[in-house]
There are 2 protein chains.
Amino acid sequence: MDAGQFRALIQPGADAESCPARNVLDRIGDKWTVLLLAAMAEGPRRFSELHRMVPDISKRMLTQTLRGLERDGLATRRVYSTKPPSVAYALSPLGETVLGPLGGLLGWAAENFIAIRAAREKFDAEDEWSGYAG
Amino acid sequence: MDAGQFRALIQPGADAESCPARNVLDRIGDKWTVLLLAAMAEGPRRFSELHRMVPDISKRMLTQTLRGLERDGLATRRVYSTKPPSVAYALSPLGETVLGPLGGLLGWAAENFIAIRAAREKFDAEDEWSGYAG
DNA sequence: CGGGATCCAGAACGATACTG
DNA sequence: CAGTATCGTTCTGGATCCCG
């Protein structure tokens with residue numbers, strides 16, 4: 001993709017509500033959404049199963065994040081009236097389609113993480129000298 | 001990409017500091033980083049130029065976000081000792097490489113935004129009925 | 001088991017004023 | 001012009017308790 005196309009995707013001047021880029025970034029930019037998309041990538045999972053796959057999430061955020069995905073049509077929620085009740089979450093067809101683009105970005109992250117870390121450490125080291133006070 | 005590869009990119013159980021996925025998402029998930037990457041996609045820009053391209057950012061956040069990009073090695077900062085001084089920001093070679101994967105995700109957002117909006121409105125409409133109290 | 005309700009700490013962000 | 005410093009707000013997410 002060239003730079004011009006890239007700028008078009010941002011819609012400069014558009015408010016956050018009507019900008020597709022900001023909308024999707026607001027969702028995947030939160031703390032847990034991507035982890036849960038990954039957890040559901042291989043198939044449906046129960047609530048407690050998702051909680052085990054992402055151990056450091058609180059029940060509150062697990063519920064809330066799944067609600068958000070369901071609201072956006074990326075995941076589906078099915079309730080089974082067993083005793084005690086069980087609930088299964090799965091990616092919707094739409095949700096499946098995000099795995100490709102998202103995986104591309106995460107792949108980039110994995111490939112370049114070393115370089116990023118190195119840049120960070122170098123930057124921080126130089127910053128220490130600029131803070132030098134004699 | 002298949003689901004197994006997707007899960008590998010997440011590194012379940014890894015702390016946020018050492019997880020490439022969480023690191024890159026923490027950066028692009030903030031309010032301004034992607035807008036600024038887009039603004040620099042076509043070439044170097046001056047500080048005030050970036051401010052005009054992203055009008056609703058405060059100077060504080062503009063500086064802070066650019067610092068973050070510089071720290072991660074995605075952007076470069078060059079100071080020209082003119083009078084008054086001017087500063088130019090540009091994508092680094094590493095920064096250029098993120099435009100592809102990021103553009104893929106933003107393209108997905110643009111393509112599916114209508115469907116997401118529709119799902120949202122449907123979900124919210126049904127929620128109103130579940131809140132019905134007689 | 002799968003949540004909802006409430007409270008609270010910290011981070012992110014905006015507004016304003018000041019500076020070399 | 002290109003920032004820095006400070007303050008105040010808003011927003012996010014964790015902790016805890018309660019429910020069918």
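So that the names make sense, note that chain A is the first sequence line, chain B the second, and so on, each numbered from 1.
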Quick check: do [X] and [Y] have side-chain heavy atoms less than 4.5 Å from each other?
X: A:Leu91; Y: A:Leu69; answer: no
X: A:Phe113; Y: B:Val24; answer: no
X: A:Phe47; Y: A:Leu66; answer: yes
X: B:Arg46; Y: B:His51; answer: no

For this session: Specify the separation, in whole Å, of atom NZ of B:Lys83 and atom C1' of D:dC1.
Result: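 Answer to the nearest Å: 13 Å.
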
For this session: Check the distance between D:dT12's P and A:Ile57's CD1 and give it to me in whole angstrom.
Result: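 These atoms are roughly 15 Å apart.
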
Within this structure, what is the [atom1]-[atom2] distance for the pair [X] and [Y], rounded to the nearest 0.5 Å?
X: A:Ile28; Y: A:Thr33; atom1: CD1; atom2: OG1; value: 8.5 Å
X: B:Trp32; Y: B:Asp56; atom1: CH2; atom2: CG; value: 4.0 Å
X: A:Glu121; Y: A:Ile116; atom1: CD; atom2: CD1; value: 12.5 Å
X: A:Arg78; Y: A:Ser86; atom1: CZ; atom2: OG; value: 10.0 Å

Exercise. Under the side chain to side chain contact (heavy atoms under 4.5 Å, CB included) test, which residues partner A:Arg45, sequence neighbours left out?
Worked result: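 Result, side chain to side chain contact (heavy atoms under 4.5 Å, CB included) vs A:Arg45: A:Glu42, A:Glu49, A:Leu50, A:Met53.
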
Exercise. What pairs with B:Glu111 under side chain to side chain contact (heavy atoms under 4.5 Å, CB included), at least two apart in sequence or on another chain?
Worked result: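 Partners of B:Glu111 by the side chain to side chain contact (heavy atoms under 4.5 Å, CB included) criterion come out as none, since no residue qualifies.
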
For this session: Identify, residue by residue, the members of residues 59-70 of chain A with a heavy atom below 4.0 Å from DNA chain D, and return them in order of residue number, or none.
Result: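 Only A:Arg60, A:Met61 qualify.
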
Problem set entry | Contacting residues from residues 36-51 of chain A, given that a heavy atom lies under 4.0 angstrom of DNA chain D |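 Here the set is empty: none.
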
Exercise. More 5' along DNA chain C: B:Pro85 or A:Arg77, using each one's nearest nucleotide?
Worked result: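 By nearest-heavy-atom nucleotide position, the 5'-most residue is A:Arg77.
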
Problem set entry | Partner residues of A:Arg120 under the salt bridge (Lys or Arg N to Asp or Glu O under 4.0 Å) criterion, sequence neighbours left out |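 If we apply the salt bridge (Lys or Arg N to Asp or Glu O under 4.0 Å) test to A:Arg120, skipping adjacent residues, the hits are B:Asp72.
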
For this session: For A:Tyr80, report the nucleic acid contact type (base, sugar-phosphate, nothing); a contact means any heavy atom under 4.0 Å.
Result: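 Result for A:Tyr80 = nothing.
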
For this session: Just call it for B:Lys31: base, sugar-phosphate, or nothing, with non-hydrogen atoms closer than 4.0 Å on any strand.
Result: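 Answer is sugar-phosphate: B:Lys31 comes under 4.0 Å of backbone atoms only.
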
Exercise. Going 5' to 3' on DNA chain C, which nucleotide is the first and which the last to come under 4.0 Å of a heavy atom in chain A?
Worked result: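 That gives a stretch of C:dC1 to C:dT6.
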
